[in-house]
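Have a look at the structure below, then the notes.
Numbers here simply count residues along the sequence, with the first being 1.
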Amino acid sequence: MAAPARGGRGSSSFGGAGLRGGGFSSYRIVVSAAFTLLFLVTLSVLLSSPHHPRHHSSMSKTGSNYMHNTLLAFNSDPLKTRLDLTYRQANDHITLVNAYAAYARKLKLDISRQVSMFDELVKNFSDMSTRPNYQASLFETEGALDEEVLRQFEKEVKDRVKLARLIIAEVKENYDNQLKIQKLKDTIFAVQDLHLKAKKNGALASEIAARSIPKSLHCLAMRLVGEKISNPKKYRDSEPEAEFEDPSLYHYAIASDNVIAVSVVVNSVVKNAEEPWKHVFHVVTNRRILAAMKVWFKMKPVQGGSHVEIKAVEDFSFLNPSYVPLLRQLQSNHRRSFGSINSSKVVDGGKSSNLDQVSMIDHLRFYLPEMYPKLHKILLLDEDVVVQKDLTELWSIDLSGKVNGAAETCFGPFHRYVQYLNFSHPLIKEKFNPKACVWAYGMNIFDLDAWRREKCTEEYHYWQNLNGDQTLWRAGTLAPGLVTFYSTTKSLDKSWHILGLGYNPSISMDEIKNAAVIHFNGNMKPWLDVALNQYKSLWTKYVNSDMEFVQMCNFGL
């Protein structure tokens with residue numbers, strides 16, 4: 001009974017081992033079938049999905065059939081792999097050659113030669129695939145590829161690739177340099193554009209600063225007027241002095257609405273004059289500043305016995321629209337309503353919207369013989385000048401019958417009449433020489449007797465009437481002065497009058513020290529914050545800085 005029992009256990013054990021071995025074999029069969037099914041599905045997807053290689057358009061139609069056939073025979077024909085690699089290499093170089101052709105067109109470097117050379121390379125690459133023998137043996141065949149034809153195709157592609165690389169190597173450095181040059185040019189142009197914009201903005205800001213009334217000047221005028229209101233008896237008008245009409249004295253004409261600037265001009269003349277009691281100053285301003293100007297010279301009398309006459313433009317009754325063309329033109333054109341004929345500030349008419357603002361005060365220089373009928377000579381000084389030497393010698397200079405003694409400013413082709421007058425106008429072209437030298441306003445000795453003889457005021461009126469539409473010259477006083485005194489101006493030595501301290505930082509200090517009169521013409525006036533610092537002390541040393549109102553108004557001297 002025991003034997004059967006052991007045999008039963010042995011049989012049971014053997015039978016279990018056989019069952020486990022059979023289960024493992026079944027598992028391997030199932031996994032193998034699954035992988036086979038997955039491979040078939042993947043192959044089916046690859047064969048059914050279109051493949052679009054990156055190549056030139058001229059090769060796309062030929063290559064589409066070829067790529068389809070290549071995939072079908074990928075695992076069976078190694079020649080297909082070689083053809084595929086060669087085909088891709090050709091397309092890559094077509095793209096490269098087209099890129100350099102685009103560079104050539106952009107840079108315009110020998111464009112007719114190089115662009116045609118690149119186009120020819122692309123055409124050579126593209127034409128290979130369209131040849132009948134390649135079409136039949138490589139791209140459209142359903143069977144095996146012809147290895148001999150494939151070798152020939154590979155050789156041609158390699159030759160063309162070698163040629164393309166050789167050409168590209170020759171031009172690459174040149175193209176790189178040209179691209180850098182072009183980028184540099186673009187940068188330069190951009191910087192120049194920014195520079196021009198900054199220059200225009202700076203000029204505009206400077207113009208605004210020059211045309212605006214600084215707070216300090218406004219403060220000074222207000223305090224001077226307040227002083228008169230507080231002490232009316234102290235600042236009563238005095239009787240005219242006999243010296244105002246004495247032709248044997250040295251007479252100056254100064255027209256300005258800037259109190260402190262006029263004081264500097266007068267102080268600089270007096271402090272450098274050998275006989276200051278012989279100097280008479282005729283100051284003309286507008287009615288708004290008249291009281292302030294009188295109070296200033298009452299509070300700070302001129303030293304040395306000099307004489308100062310202060311009047312307003314409105315005190316000269318002949319300056320009205322019926323006589324003065326400038327006022328008449330502005331009224332007729334309705335550019336500004338004057339209210340009455342006594343207006344002193346006007347805006348010079350013209351078609352341009354950015355014409356400089358001019359003042360009737362500036363145009364008084366054309367009426368000096370009528371304003372001072374008993375005088376024979378008078379020296380005109382602008383408000384922005386400083387006198388550094390005694391000027392009495394100017395009255396003894398022989399003007400040779402001329403009306404105006406002035407320093408010329410031309411050098412080379414610059415500061416000639418052509419730059420100030422419109423020589424496309426027939427009247428200007430007929431009357432004046434475009435190369436004639438320009439002279440400066442600011443320090444001018446006028447022979448009033450010669451002026452009356454030559455009828456210069458009538459000459460000024462003639463040209464000003466013709467320029468009613470602003471076609472002969474732009475706004476300002478220099479151009480009408482050039483036409484009025486065209487043949488009646490005598491050139492003075494340049495050491496009498498140095499200009500440019502209001503815009504030119506490069507004037508020699510030796511030249512400035514040797515000058516009798518220095519002129520701060522330009523927008524950087526010495527009483528403004530934008531003044532050139534290297535010249536400002538030449539002006540401030542003549543300012544009455546101890547005057548209480550100057551200190552209270554924070555001139556920052």
Does Arg287 come within less than 4.0 Å of Asp257, counting only side-chain N to carboxylate O? no

When the aromatic ring centroids of Phe281 and Tyr250 are compared, is their separation below 6.0 Å? no

Regarding Asp186 and Lys183, does a basic nitrogen lie under 4.0 Å from an acidic carboxylate oxygen? no

Any chance you could lay out the salt bridge (Lys or Arg N to Asp or Glu O under 4.0 Å) test for Asp384 and Lys525, step after step, and finish with the verdict? CA-CA 7 Å; Asp384 53 355; Lys525 303 298 184 186; 2.5 Å; yes

Pair Tyr486 and Phe432, ring centroids less than 6.0 Å apart: yes

Are Tyr417 and Trp439 an aromatic pair by the rule of ring centers under 6.0 Å? no

When the ring centroid of His279 is compared with that of Tyr252, is the distance short of 6.0 Å? yes

For His461 together with Tyr323, are the ring centres under 6.0 Å from each other? yes

Tyr372 and His282: ring-ring contact (aromatic ring centres under 6.0 Å, His included), yes or no, with the steps? CA-CA 9 Å; Tyr372 309 106; His282 302 272; 4.6 Å; yes

Between Lys294 and Asp237, does any NZ, NE, NH1 or NH2 come within less than 4.0 Å of an OD or OE carboxylate oxygen? yes

Give the minimum heavy-atom separation between Thr477 and Tyr441, together with the two atoms involved. O-CE1, 3.4 Å

Below 4.0 angstrom, N of the basic side chain to O of the carboxylate: do Asp449 and Arg453 qualify? no

Gln534, CD: over 12 other non-hydrogen atoms inside 6.0 angstrom: yes

Does Lys300 pair with Asp546 as a salt bridge, N-O distance under 4.0 Å? yes

For Phe446 and Trp451, I'd like to know if the aromatic rings sit close, meaning centre-to-centre distance below 6.0 Å. yes

Specify whether Phe316 and Phe318 have parallel, tilted or perpendicular ring planes, treating 30° as the upper limit for parallel and 60° as the lower limit for perpendicular. perpendicular

Ion pair check, Lys311 and Glu309, cut-off under 4.0 Å: yes

